[in-house]
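Some notes on the structure that comes next.
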Amino acid sequence: LDVGAAARAAVRFLHKAFQTPFSPFHGQTLQEASQIEGDPSLILNNDDRILQCCLQVARKYGADRSILLSNDKSLCVKGMMNHLLTAAWESL
């Protein structure tokens, strides 16, 4: 079993699923995760830091005026779970 290949396939599946309107899938937002842990200063990875910045921009300027632009499908999945508009450089 190639774990890396399986992980990439899973991320591709989730990326496609979250792009579908009325997707049956739901993910945990950063806000929900911090509520469960009880500590808003969770240990964040770089994707989470980028996501926090995008969420701050969306709150400040409006979700319809901000977009997370990345070829990283995993990051885009996190963005979609947090109700952000996402796009890949490849699609422009």
Side-chain angles (χ1 to χ4, degrees):
L1 174 68
D2 182 356
V3 175
R8 286 187 294 278
V11 168
R12 279 192 302 274
F13 172 81
L14 288 172
H15 186 260
K16 189 177 230 178
F18 276 102
Q19 287 179 320
T20 305
F22 310 109
S23 172
F25 297 97
H26 300 279
Q28 184 181 52
T29 65
L30 282 178
Q31 183 179 12
E32 291 167 341
S34 68
Q35 290 172 354
I36 289 171
E37 295 295 324
D39 182 5
S41 62
L42 294 173
I43 297 172
L44 303 176
N45 62 32
N46 288 337
D47 281 0
D48 294 336
R49 288 181 177 97
I50 293 168
L51 188 57
Q52 278 190 333
C53 179
C54 291
L55 290 168
Q56 184 178 22
V57 167
R59 281 191 299 272
K60 187 173 183 177
Y61 299 105
D64 59 333
R65 297 187 60 189
S66 58
I67 187 166
L68 171 59
L69 187 60
S70 174
N71 284 336
D72 182 336
K73 285 186 171 61
S74 180
L75 178 57
C76 287
V77 167
K78 283 185 172 187
M80 288 184 273
M81 287 189 309
N82 283 275
H83 313 290
L84 292 172
L85 296 174
T86 66
W89 283 104
E90 301 160 342
S91 67
L92 298 180

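What you see is a predicted model; the values in this text were computed from it and never measured. FYI, side chains are in, hydrogens and waters are out, and symmetry mates aren't considered; it's all heavy atoms of this structure. Throughout, numbering of the chain's residues begins at 1 and tracks the sequence.
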Partners meeting side-chain contact (heavy atoms from CB on, under 4.5 Å) with [X] (sequence neighbours left out):
X	answer
Q56	R59
L85	I67
I50	C54, L68, L75

message: Once salt bridge (charged side-chain N to carboxylate O under 4.0 Å, His left out) is applied, what residue pairs with a partner in residues 62-77 remain, sequence neighbours excluded?
response: none
query: From N82 CG over to Q52 CD, what is the distance, rounded to the nearest 0.5 angstrom?
result: 10.0 Å
- prompt: Got a donor-acceptor contact below 3.5 angstrom from the N45 side chain to the D47 backbone?
  reply: yes
Kindly list each side-chain donor-acceptor pair under 3.5 angstrom involving residues 7-22, sequence neighbours excluded, with atom names and distances?
| residue | atom | partner | partner atom | Å |
| --- | --- | --- | --- | --- |
| R8 | NH1 | G4 | O | 3.3 |
| T20 | OG1 | K16 | O | 3.1 |

- request: Please report the C-alpha distance between L55 and H83 in whole Å, then the side-chain angles of each, then the deciding distance to 0.1 Å, and finally whether the side-chain contact (heavy atoms from CB on, under 4.5 Å) criterion is met.
  value: CA-CA 9 Å; L55 290 168; H83 313 290; over 6 Å; no
query: Minimum heavy-atom separation for L84 to A58, with atom names?
result: CD2-CB, 3.8 Å
message: If you compare all heavy atoms of A87 against all heavy atoms of C76, which two are closest, and at what distance to 0.1 Å?
response: O-SG, 4.2 Å
